[in-house]
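Start at 1 with the first residue, then count along the sequence. What you see below is based on every heavy atom in this structure, not just the backbone, and it leaves out hydrogens, waters and symmetry mates.
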Amino acid sequence: MRAIVDKDVRQRLIQWVRDSPSISFAPGHGPPPEVPIPSHPLTSQDLTAIAVSQVLSQPTLPIIPHHSSSPPSDTISFPVHSPFLPQPQDPHLLPHGPMELQPTERDRLVMSLDPAVQDAINCTYGKPTLSISFCSEYVFRHVIPHLFASAFLDTTSTTALRDACPLYRLYEELVQEFSPLDTSLARGYRPYVGFRDETEINQSRVRHVSAALIQCGMNISRLVRWIGGPHLATHRDVPRILSTLQRSVDPDTLNDLERVFTVGSPRICQASSTEANFLSFFRYGNHASARNNPDKLMQVFVKDAKRGFTLVVDDRLLPFIRDTHLTPIGIVDIENPWKNDRPVFDSTFRPEPWCFAINDWTDKHNEPTLQFPGSFRRLLVWIWNLRISYPHDPILIGDNDICGAFRLVKFNPDVVPMHGYRVGPYLGFATGQTFGDNVSAANFEVCAIARQQHASFLWEHSPDEVLRRAAHYIQRMKFPPPSQDTLSFAAANADSQNPGVFLPNGDRKAPPYPHQVDDCMFADVHPHFPLTSAASIVALEDVFGSTHPCQEHVLSMDKLELEYSETRLVVGHVPNSRRMVVELSPRRRSKLLAFLNQERWLQPRMATLVEIATVVGMIDSAAEFFPWARVQILVLQDLLRACIRSEYRRAIHSPALSNRLHDFQRQLPRSLADRFDQLQCRTIAEFVWRSRRRVQLNRACADALRVIHDYLHDEHPWEQPIGHIVPRDPAFRATTDASEQAIGVAIPSLALWCFLPLGATTRALTQLPQGHPDKLHINTLEFIGILLGFAMTETFISTSLSQYPPSPILFLECDNTAAVSWSRKRSTGSPSGRRLLQLFAEYQLLSPLGLVVEHIAGADNTLADLISRPCIPSAKRARILESLPPESRAAIAPTLDAVFRCELGATHKTKVVRHVRSMRIHFIWYLDEHKLIERVFPVVDLPLVTLNYVFACYAAHLGSGHTLSRRNIRSDTIRNYLYAAATLVQMFHPEGLDPRKEKGFHAICPSIDKVLKELRRWENIPDRREPYTVAMQLLFCSKATSSDPNSKVSALCDWFSVMLQAGGRRCEWAQPSHISDFQRTPEQNVRGDPAAFCIDDITFFRSGKRSLRLDDALADPHLPAMAAVCFRVQKNGAHGETKLFTQNTHDPSLCVVRRWLSIVQRFVRLAGRTRHVPLAIYFDAPSSCVRYITATDVERQMRSLAAEIYDLDPVRDAKDLARFSAHSLRVGACCVLQALGFEEHEIERLLRWKSKTWRLYTRNLCVISQKHNKAIFDASTMPQF
């Protein structure tokens, strides 16, 4: 290809230019007269060859991204059929597909390419990939370097350009300044020799790198690959690292680690920027905190530059560097004397509403999953299990840090230009991950997980090698002297969740090495501790490879503390393994005391919102494992809440802020309209936070802080037992309930119960209307029940604590969600609730009893419910029955009992009473529909076991959507239905038995419990979606018959029909919400092709599977009898799988072949037969243009159908409607196949699953409910037995 362009094609191109009257050459630069001119003209093949050679001369092939930053105006672009663009169907564009080359042929081809392309192909680190690219809009300043290097202009033109363009003069000066330098001195690790002694920017390195940038054509990506060294971590022997970790690290993590080390971060980024976007960031510069503190900023900049985390060039080169983005740098907490200031690479900031920042171009959901949250608790779990297995041995605690952390993972060179920033006279490009990108933590986590798994493996399988390799560190380790005092060790007990650290065969488990970002934590007994600590160090060296002399050691030597004991400051907390508690560190205790004293918080004062938030935040952070302190600052939280409300009211009524928001809305183009809500919230939050209004702190606030200060000053224990933090089996279980008559508590395991009747005055307070200042709310009574349950248990066990497990746990259940929330968060806005929380905190202060509070459905809270609602007064009951005729007494007795029950505790809210009545009527209707009403009323005439199954079938009936609202409801709501029906039936049962339970048992019978568990399984599916049903599709078909065939409605109807049968994913046919413009590049798959179906993916056949040309199918719609659909790229890895669909002769509206043909016909009408363009398009009449179908279009249409089918209100039922999305089609396909009785393997094959994941989408109820109903009807006709 290159030879053709250089010889033959070049000659014909010159002739074509000569013959063109509109083209003239600069003086002295005409075509060479000695070149023979060919007789034949240029062909499209020649032009294609020229275009290909130009692409190959670039170091990377830009990929048009999903996201594009644009100024506040619509972008003008050529239509798909523009004559200025090469058409995909051009026969000269690889008609037979890509060629397969032998290794020798490939090497020859590579050697014939441009050196920049050779570097990109042969590189081992920072490999180019189709999933990573960044490009910016090219303007004249980007052409200057190429114009200068080409020598195209003669002397006169060069002089004229120099006089007219200051940038050209600047570039000439830069070339003259840097051209004498030897650019090889900028390559590899040589420029970083002696880096530890650098205290300022190395000027020689900056000059040599700047010269190399000019040599690389002002291309940062090419420069990074050419320099290598620390910017690509080329000292790492990746094949050796992967081979070392092969046995110890799971395959998924190992694959991610290989990508991180050879390709770089992020996993996916396809982005482009405009000149307007670049200029907005350029004009903004750095944040004021950085501009006002240049010395501190330079100090950080020098540190990153000398370690090779940042590539530094002369700032004067910025105008000529292509594909560049600038990010502002800030310094946070710089004015806060109580916190260390730290720089921030602000990858989220946008100087204008329409601008795009780095985090707009990347998505953390495309990256590996984070696992470090909760790591400290995992360390505590390990310590607890160690104490179980080693009750009389000291447990030592340790940790170590990684030097550089995020920066050790390098950006792919193609996104390094996206991470530019300016510091003084220098221009930096971050080559190591920044503390600001939303993808940094996830890609670093891969390395941390690999280290964690490898350390455990080494500990277990290679202890001798580990001790040998880490001998240098082991020799420096210091341990406390042995102690003979074994009685002071706090105990721990084993249970189902904490079996200890020994396996059933007697082998020791390896430590888990939990990671908190860059901090690896571990603990072990003294004999094993050297190995435990050494394994973490050796694993770190194995994961990141050998240390280079010009790089810092991967283990942070500055923070390495090799003196170990039974206490240690770990991620801000101090676990104590001897006393088995988590303590407040002495440093934090001193800091809090100094802060409260020096900032004058111990007396009434004026304070701003930020100051109040600071003191609340500091105390709340210190009280993470000490709930008592968190409760003390409730009064401050109230003040903070009041300040925020006040400032928020000022914000929403501020004319200046309102005008600013209107300006934002006007500036945003239509494609970014969904960004306005986020901008509005952020702007109001900034207004509130930056408020300088001062409020008066009253005496109550000062007294609360005084209590905390005195507690800290007197050095009282600020701690929580580890046994109260780690997950454990409870030692005691309790239930509580409250009514308007009494409070009930039941603790069966201790044979304790409490009945606390309410006095007349208290009952009167519960009857006051809502909003009354003296109203006693049921939430308050329910929380008193929790407090009583805790106080009773603690009092009972305090005299014989040794008989119970160490740090015992009380598992308390309450059917009031508000009370449960108060006890968990230690916070509430209720004045009475705050006072109760303070009382509760005093009970819990240093208590040996831990508390776990969970919610229980009211229908299951039977024991506490019975206690809180007193027994029916027998004398009053007998007196009323005696006054009735004898023949009426037996019939009215159950109803009279129900009336007494209502008097004693049933709700008085009209809405709730009406809803219970409606539930009971619904149950009566159910019995009547299934011919069971005569067997239940007026006297129950069914065995209890049959009644159990009747109620189980009723639960299944409700679970399949047959409810009052004709929609799916939660399992807790179904419990309420069952409770309402059971209390009704119980009135008519001769023995007063509960039809939901087996005789003699308090729990729900197994048949009902199984149904409810199945419903809960469905509810617990993350981001679950409601199924799109056949009924919804039939309704849609009836609505779409009168629509224009090219309209959105017709297009969606076709696609809903085919995807309901194919079980398609959204990405396989529709575009994300932000890609509706037909001129934009559609969503791409991993191969760089459109992810959605294109016209080449559909093939039609005649009956008998005879081939059918597309022209014939379009000409005669009756010919296609089958349609084959190719799934080019699939989530299950079965790429290129083809599915065959046949005609539906019973219902043409559901015929998938007709729908596919309609989709192709619409596409041909609107876009011709253009290949590599998604099929899901329609004509938008208001804008008179073709658009893609997006996820938003799907959701709106589907929710409209659901609202009509299920009689849902768009506002009131918005939460339920939000469960309908494009994924509902795949869920619906699962439900349809399961309902029709398809086997599991058939569902997996038809819907392209390789696992049992599809079960999460189904409820095993819809059809089974009908089978159960029929079975119960048949059983009801049987004689009693």
- Task: List the steps and the verdict of salt bridge (charged side-chain N to carboxylate O under 4.0 Å, His left out) for Asp256 and Arg267.
- Result: CA-CA 9 Å; Asp256 272 335; Arg267 176 187 284 173; 2.9 Å; yes
- Evaluate side chain to side chain donor-acceptor pair (under 3.5 Å) for Ser265 paired with Gln433, printing each intermediate quantity in order. CA-CA 8 Å; Ser265 174; Gln433 289 191 131; 2.7 Å; yes
Greater than 12 external heavy atoms within 6.0 Å of [X]'s [atom1]:
X: Arg476; atom1: CZ; result: yes
X: Lys509; atom1: NZ; result: yes
X: Arg824; atom1: CZ; result: yes
X: Phe457; atom1: CZ; result: yes

Return the [atom1] to [atom2] distance between [X] and [Y], rounded to the nearest 0.5 Å.
X: Met792; Y: Leu810; atom1: CE; atom2: CG; result: 10.0 Å
X: Leu837; Y: Gln844; atom1: CG; atom2: CD; result: 9.5 Å
X: Asp710; Y: Asp714; atom1: CG; atom2: CG; result: 6.0 Å
X: Arg589; Y: Leu712; atom1: CZ; atom2: CG; result: 5.5 Å
X: Thr614; Y: Phe595; atom1: OG1; atom2: CZ; result: 6.0 Å
X: Asn861; Y: Ile856; atom1: CG; atom2: CD1; result: 4.5 Å

Do [X] and [Y] have side-chain atoms, one donor and one acceptor, less than 3.5 Å apart?
X: Asp250; Y: Gln453; answer: yes
X: Ser488; Y: Arg578; answer: yes
X: His573; Y: Glu624; answer: yes

- Determine, stepwise, if the pair Phe435 / Phe444 fulfils ring-ring contact (aromatic ring centres under 6.0 Å, His included). CA-CA 11 Å; Phe435 292 86; Phe444 174 78; 8.8 Å; no
Looking only at non-hydrogen atoms, find the nearest pair between [X] and [Y] and report the distance.
X: Val517; Y: Ala448; answer: O-CB, 4.3 Å
X: Ala492; Y: Ile388; answer: CB-CG1, 3.8 Å
X: Phe544; Y: Cys447; answer: CZ-CB, 3.5 Å
X: Ser827; Y: Gln637; answer: OG-OE1, 3.5 Å
X: Arg728; Y: Pro805; answer: NH2-CB, 4.2 Å
X: Ala450; Y: Val543; answer: C-CG2, 4.0 Å

Less than 6.0 Å separating the ring centroids of [X] and [Y]?
X: Tyr390; Y: Phe502; result: yes
X: Phe790; Y: Phe732; result: no
X: His716; Y: Tyr711; result: yes
X: Trp382; Y: Phe522; result: no
X: Phe376; Y: Phe625; result: yes

Looking at side-chain heavy atoms only, is the closest gap between [X] and [Y] below 4.5 Å?
X: Phe489; Y: Pro394; answer: yes
X: Leu846; Y: Pro717; answer: yes
X: Met618; Y: Lys591; answer: yes
X: Ile402; Y: Arg451; answer: yes
X: Glu842; Y: Trp628; answer: yes
X: Ile397; Y: Glu566; answer: no
X: Gln497; Y: Trp384; answer: no
X: Leu560; Y: Leu562; answer: yes

- Message: List the residues meeting side chain to side chain contact (heavy atoms under 4.5 Å, CB included) with Ala442, not counting sequence neighbours, and say none if there are none.
- Response: Glu367, Pro368, Leu370
- Task: May I ask you to say whether Arg588 pairs ionically with Glu583, meaning some side-chain N is under 4.0 Å from a carboxylate O?
- Result: no
- Task: Salt-bridge test for Arg733 and Glu813: reply yes if a basic N is under 4.0 Å from a carboxylate O, no otherwise.
- Result: no
- Task: Mark yes or no for whether Ser621, through its side chain, and Gly617, through its backbone, hold a donor-acceptor pair below 3.5 Å.
- Result: no
- Message: Using modelled atom types and a 3.5 Å cut-off, is there a donor and acceptor pairing between side-chain atoms of Ser821 and backbone atoms of Thr817?
- Response: no
- Task: Check step by step if side chain to side chain donor-acceptor pair (under 3.5 Å) holds for Asn255 and Asp252.
- Result: CA-CA 5 Å; Asn255 290 337; Asp252 291 338; 4.7 Å; no
- Please test Thr567 against Asn576 for side chain to side chain donor-acceptor pair (under 3.5 Å), starting from the C-alpha separation and ending with a verdict. CA-CA 5 Å; Thr567 64; Asn576 185 320; 5.6 Å; no
- Taking the six-membered ring of Phe261, is NZ or CZ of Arg236 closer than 6.0 Å to its centre and within 45° of its axis? yes
- Query: For residues 530-543, which residue pairs qualify under side chain to side chain donor-acceptor pair (under 3.5 Å), counting only residues two or more places apart or in two chains?
  - Reply: Asn400-Ser536, His454-Asp542, Trp459-Thr532, Arg469-Asp542, Asp524-Thr532, Ser533-Tyr564, Glu541-His553
